[in-house]
Student: 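For reference, the structure I am asking about is given below.
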Amino acid sequence: MSVLIDKSTRLLVQGLTGREGTFHAKQAQAYGTQVVGGVTPGKGGTTHEGWPIFDTVADAVAATGADASVIFVPPAFAADAIMESADGGLALTVCITEGIPTLDMMRAMTFLNTRPKTRLIGPNCPGLISPGKAKAGIIPGHICKPGNVGIVSKSGTLTYEAIHQLTRLGLGQSTCIGIGGDPLIGTSFIDALKLFASDQETQAVIMIGEIGGSAEEEAASFIRREFKKPVIGFIAGQTAPPGRRMGHAGAIIAGGKGTAGEKMAALGAAGVKVVKSPADMGKAVKDAL
C-alpha cells in the first residue's frame, strides 16, 4: 500500500541531530527512503551527516519539497513538533516519541482538527513501512518482504513479530502501520482498515490490539459492516489484572471495560479469526489465504 509512503515520499526528520534521529535517518535512507533534511531549532543553516538542517518545518518544506516527517523529539517538545509539522502543510507525520503528556496531546489533537490535510501516525509508535518502497520510523527493514498482507498494530514488538512470521512463510507485507498505544493517537484501527480496504495490494490484514479503551470493539463493528477482506486478530494482555497498566499508557482495564475477553469476543462476532497466541498469527493468515 503506497497510500501513505512510497519511493516518491520526501521525508524530513524532526530531531535529526539527536542520536536516535541520526541513527534512524541513516536506516531509512539505506532502505531507499528519500530523506531530504532535518529540523532542529537553533541549528538552521548547518548540515548534519550531509543533510541540511532547518530551524522550522516551514523553512524545510520550502527548501526541500518535503511532504512527510518523522519525529524524534523529547516528550516535552513533541506535541509542539506535531503541530508544527501540520502547520507546515505536511501530508504525513509519524511521531515515535513515548511519554508525551496527555494534556499536550489534547492540544495537538485539537490543532490537527484544523489541519485535515495532515495524517498523524502515533505517538508512541514504531512508525510505518511499505516493504521495498520506503519507511518512516524504527521498523527494521531487513525483516520485511514485499507481499500482500497489511499489518496494523498498537504494539511495536508484536508488529515485528507479525512481520517476521509472514516473511518466514513467504507471504510478505503490503504496508505495516504501528498506530501506537497511547490514549490519544492520530490514526485509528478504522482509519488503517479503510486504507487497506481500498488498496489492491492488500489481500488480508493482521490487526493487533491490546487491553484498554474501546478501539478494538469499534474496529470490530466497522469490519462487520464494511470490511470484506480476511482479518486475523490478536489481543495482548489476556492475563492482565483489572486496574493495572500493562506496557502502554492506554493499556489499562478501567471500570470493568476494555478487557481482552470483550475485545476478542467482539472481533470474533465480526468474522475476525482471533488467535490466542501471537505465535499463531502467520499460520492463521496463510490458512485464510
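FYI, side chains are in, hydrogens and waters are out, and symmetry mates aren't considered; it's all heavy atoms of this structure. All values derive from a computational prediction rather than experimental measurement.
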Student: Could you state the interatomic distance from NZ (Lys135) to CD (Gln29), rounded to the nearest 0.5 Å?
Tutor: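 Here the interatomic distance stands at 12.0 Å.
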Student: Should the heavy atoms of other residues, nucleotides or ligands under 6.0 Å from NZ of Lys286 be counted, would the total exceed 12?
Tutor: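 Result for NZ/Lys286: open.
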Student: Out of curiosity, Gln173 CD to Ile139 CD1, how far, rounded to the nearest 0.5 Å?
Tutor: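 If I round to the nearest 0.5 Å, the distance is 9.5 Å.
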Student: Please report the interatomic distance CD1(Ile143) to CG(Leu166), rounded to the nearest 0.5 Å.
Tutor: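 Separation between the atoms: 10.0 Å.
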Student: Tell me if a side-chain donor or acceptor on Ser174 pairs with a main-chain N or O of Thr202 at a distance below 3.5 Å.
Tutor: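 Here the side-chain-to-backbone pair does not exist.
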Student: Can you name the closest pair of heavy atoms from Gln165 and Pro278 and give their distance?
Tutor: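 Here Gln165 and Pro278 meet closest at NE2-O, 2.9 Å.
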Student: Evaluate the side-chain contact (heavy atoms from CB on, under 4.5 Å) criterion for residues Val205 and Phe227: first the C-alpha distance (whole Å), next the side-chain angles of each, then the deciding distance (0.1 Å), finally the verdict.
Tutor: CA-CA 10 Å; Val205 172; Phe227 197 81; 3.7 Å; yes
Student: Measure across Ile121 and Gly178 and return the closest heavy-atom pair with its distance rounded to 0.1 Å.
Tutor: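 Taking Ile121 first and Gly178 second, the nearest heavy atoms are CG2-O, 3.4 Å.
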Student: Do Ile96 and Val94 have side-chain heavy atoms sitting under 4.5 Å apart?
Tutor: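 Touching, per the 4.5 Å side-chain cut-off.
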Student: For a side chain to side chain donor-acceptor pair (under 3.5 Å) check, start with the C-alpha distance between Asp191 and Ser188, then their side-chain angles and the critical distance, and finish with the verdict.
Tutor: CA-CA 5 Å; Asp191 295 331; Ser188 67; 3.2 Å; yes
Student: Of all the heavy-atom pairs spanning Cys144 and Tyr31, show the shortest one and how long it is.
Tutor: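 Minimum heavy-atom separation between Cys144 and Tyr31: CB-OH, 4.2 Å.
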Student: Taking Thr167 for the side chain and His164 for the main chain, is one N or O donor matched with an acceptor at less than 3.5 Å?
Tutor: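 Absent.
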Student: Can you confirm whether Ile82 sits close enough to Met105 that some side-chain heavy atom of one is under 4.5 Å from a side-chain heavy atom of the other?
Tutor: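 Result yes, sub-4.5 Å side-chain heavy-atom pair found.
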Student: Check for a donor-acceptor pair, side chain of Thr9 on one end and backbone N or O of Leu11 on the other, with a separation under 3.5 Å.
Tutor: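 Answer holds: no.
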Student: Could you walk me through whether Leu4 and Arg119 pass side-chain contact (heavy atoms from CB on, under 4.5 Å), step by step?
Tutor: CA-CA 9 Å; Leu4 296 179; Arg119 174 184 295 279; 3.5 Å; yes
Student: Between the main-chain N or O of Val36 and the side-chain N or O of Arg10, is there a donor-acceptor pair closer than 3.5 Å?
Tutor: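 Not at all, since once roles are kept as given, no pair shorter than 3.5 Å links the two residues.
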Student: What's the verdict on side-chain contact (heavy atoms from CB on, under 4.5 Å) for Leu267 and Ile235, showing C-alpha distance, side-chain angles and the deciding distance?
Tutor: CA-CA 10 Å; Leu267 289 168; Ile235 303 296; 3.8 Å; yes
Student: Check Asp280 with Lys283, please: is the shortest side-chain N to carboxylate O separation under 4.0 Å?
Tutor: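 Asp280 and Lys283: not salt-bridged.
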Student: Locate the shortest heavy-atom distance separating Leu90 from Ala66; write the atom from each residue and the value.
Tutor: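 For Leu90 and Ala66, the tightest heavy-atom pair comes out as CD2-O, 3.5 Å.
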Student: Output yes when a side-chain donor or acceptor of Thr46 lies under 3.5 Å from a complementary backbone atom of Ile53, and no otherwise.
Tutor: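 No: the side chain of Thr46 does not pair with the backbone of Ile53.
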Student: Indicate the atoms forming the closest heavy-atom contact of Pro123 with Ile100, along with that distance.
Tutor: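 What the structure gives for the nearest pair is CB-CD1, 3.6 Å.
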Student: Give every residue pair that meets the salt bridge (Lys or Arg N to Asp or Glu O under 4.0 Å) criterion with at least one member in residues 32-56, sequence neighbours excluded.
Tutor: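 For residues 32-56, and leaving out neighbouring residues, the salt bridge (Lys or Arg N to Asp or Glu O under 4.0 Å) pairs sorted by first residue read Lys26-Glu49.
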Student: Decide yes or no for Leu289 and Val149: does some side-chain heavy atom of the first lie under 4.5 Å from some side-chain heavy atom of the second?
Tutor: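 Side-chain contact under 4.5 Å: yes.
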Student: Rounded to the nearest 0.5 Å, what's the gap from CD1 on Ile129 to CD1 on Ile138? Could you check?
Tutor: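 Here the rounded value is 11.5 Å.
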Student: Using only atom types and a distance under 3.5 Å, with no angle test, would you say the side chain of Lys145 pairs donor to acceptor with the backbone of Ile163?
Tutor: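 Pair absent, no side-chain N/O of Lys145 close to backbone of Ile163.
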Student: With a 4.5 Å limit on heavy-atom distance, are the side chains of Glu98 and Asp182 in contact?
Tutor: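 When only atoms from C-beta onward are counted, Asp182 and Glu98 do not touch, as no gap falls below 4.5 Å.
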Student: Any chain of hydrophobic side-chain contacts (each under 4.5 Å) joining Ile179 to Leu195?
Tutor: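 Yes, Ile179 connects to Leu195 through the hydrophobic network.
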Student: Would you confirm whether Gln238, through its side chain, and Gly261, through its main-chain N or O, come within 3.5 Å as a donor-acceptor pair?
Tutor: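 No: the side chain of Gln238 does not pair with the backbone of Gly261.
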Student: Measure from the side-chain N and O atoms of Glu262 to the backbone N and O of Gly258, and report whether any donor-acceptor pair falls under 3.5 Å.
Tutor: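 Yes.
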Student: Honestly curious: do Phe234 and Phe189 fall in one hydrophobic cluster under the side-chain, below-4.5 Å linking rule?
Tutor: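 In one cluster: yes.
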Student: Answer whether the closest heavy-atom distance between the side chains of Phe111 and Asp87 falls below 4.5 Å.
Tutor: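 Phe111 reaches Asp87 side chain to side chain.
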Student: Identify the two heavy atoms, one from Ala260 and one from Ile211, that lie closest to each other, and give their separation to 0.1 Å.
Tutor: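 Nearest heavy atoms, Ala260 then Ile211: N-CG2, 3.7 Å.
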Student: Please table the atom pairs, donor to acceptor, closer than 3.5 Å between any side-chain atom in residues 215-226 and protein atoms at least two apart or in another chain.
Tutor:
{"residue": "Glu216", "atom": "OE1", "partner": "Lys263", "partner atom": "NZ", "Å": "2.7"}
{"residue": "Glu216", "atom": "OE2", "partner": "Lys154", "partner atom": "NZ", "Å": "3.0"}
{"residue": "Glu216", "atom": "OE2", "partner": "Glu210", "partner atom": "N", "Å": "3.1"}
{"residue": "Glu217", "atom": "OE1", "partner": "Lys263", "partner atom": "NZ", "Å": "3.1"}
{"residue": "Glu218", "atom": "OE2", "partner": "Ser214", "partner atom": "OG", "Å": "2.8"}
{"residue": "Ser221", "atom": "OG", "partner": "Arg225", "partner atom": "NH1", "Å": "2.8"}
{"residue": "Arg225", "atom": "NH1", "partner": "Ser221", "partner atom": "O", "Å": "3.4"}

Student: Determine whether Asp6 and Ser130 make a side-chain contact, defined as any pair of heavy atoms from C-beta on separated by less than 4.5 Å.
Tutor: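 The answer is no, as the side chains (C-beta and beyond) never meet within the 4.5 Å cut-off.
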Student: Taking Thr97 for its side chain and Pro75 for its backbone only, find out whether a donor-acceptor pair lies under 3.5 Å.
Tutor: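 A pair under 3.5 Å: no.
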Student: Would you say Thr33's side chain and Val35's backbone share a donor-acceptor pair under 3.5 angstrom?
Tutor: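 Absent.
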Student: Would you mind reporting whether Tyr160 and Pro126 have side-chain heavy atoms less than 4.5 Å apart?
Tutor: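 The answer is yes; the side chains approach within 4.5 Å.
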Student: Are Phe72 and Leu120 joined in one hydrophobic group, where the rule is that I, L, V, M, F, W and Y side chains link up if heavy atoms are under 4.5 Å apart?
Tutor: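 No; tracing contacts between hydrophobic side chains, which count when under 4.5 Å, never links both residues.
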Student: Quick one: do Val13 and Val39 end up in the same hydrophobic cluster if we chain Ile, Leu, Val, Met, Phe, Trp and Tyr together by side-chain heavy atoms under 4.5 Å apart?
Tutor: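 In one cluster with Val13: Val39, no.
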Student: Do Ser69 and Val57 make a side-chain contact, defined as non-hydrogen atoms from C-beta onward lying under 4.5 Å apart?
Tutor: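 The answer is no; the side chains never approach within 4.5 Å.
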Student: Check for me, please, whether Ile5 and Val61 land in the same ILVMFWY cluster - side-chain distances under 4.5 Å, paths through other members count.
Tutor: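 Looking at the clustering, Val61 is in a separate group from Ile5.
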Student: Using the side-chain contact (heavy atoms from CB on, under 4.5 Å) rule, take Cys125 and Thr187 through it: C-alpha gap first, then chi angles, then the decisive distance, then the call.
Tutor: CA-CA 11 Å; Cys125 77; Thr187 296; over 6 Å; no
Student: To the nearest 0.5 angstrom, please state how far the CE atom of Met109 sits from the CZ atom of Arg107.
Tutor: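 So the CE of Met109 and the CZ of Arg107 are separated by 13.5 Å.
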Student: In Å, rounded to the nearest 0.5 Å, how long is the span from CD1 of Ile177 to CZ of Phe196?
Tutor: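 Separation between the atoms: 4.0 Å.
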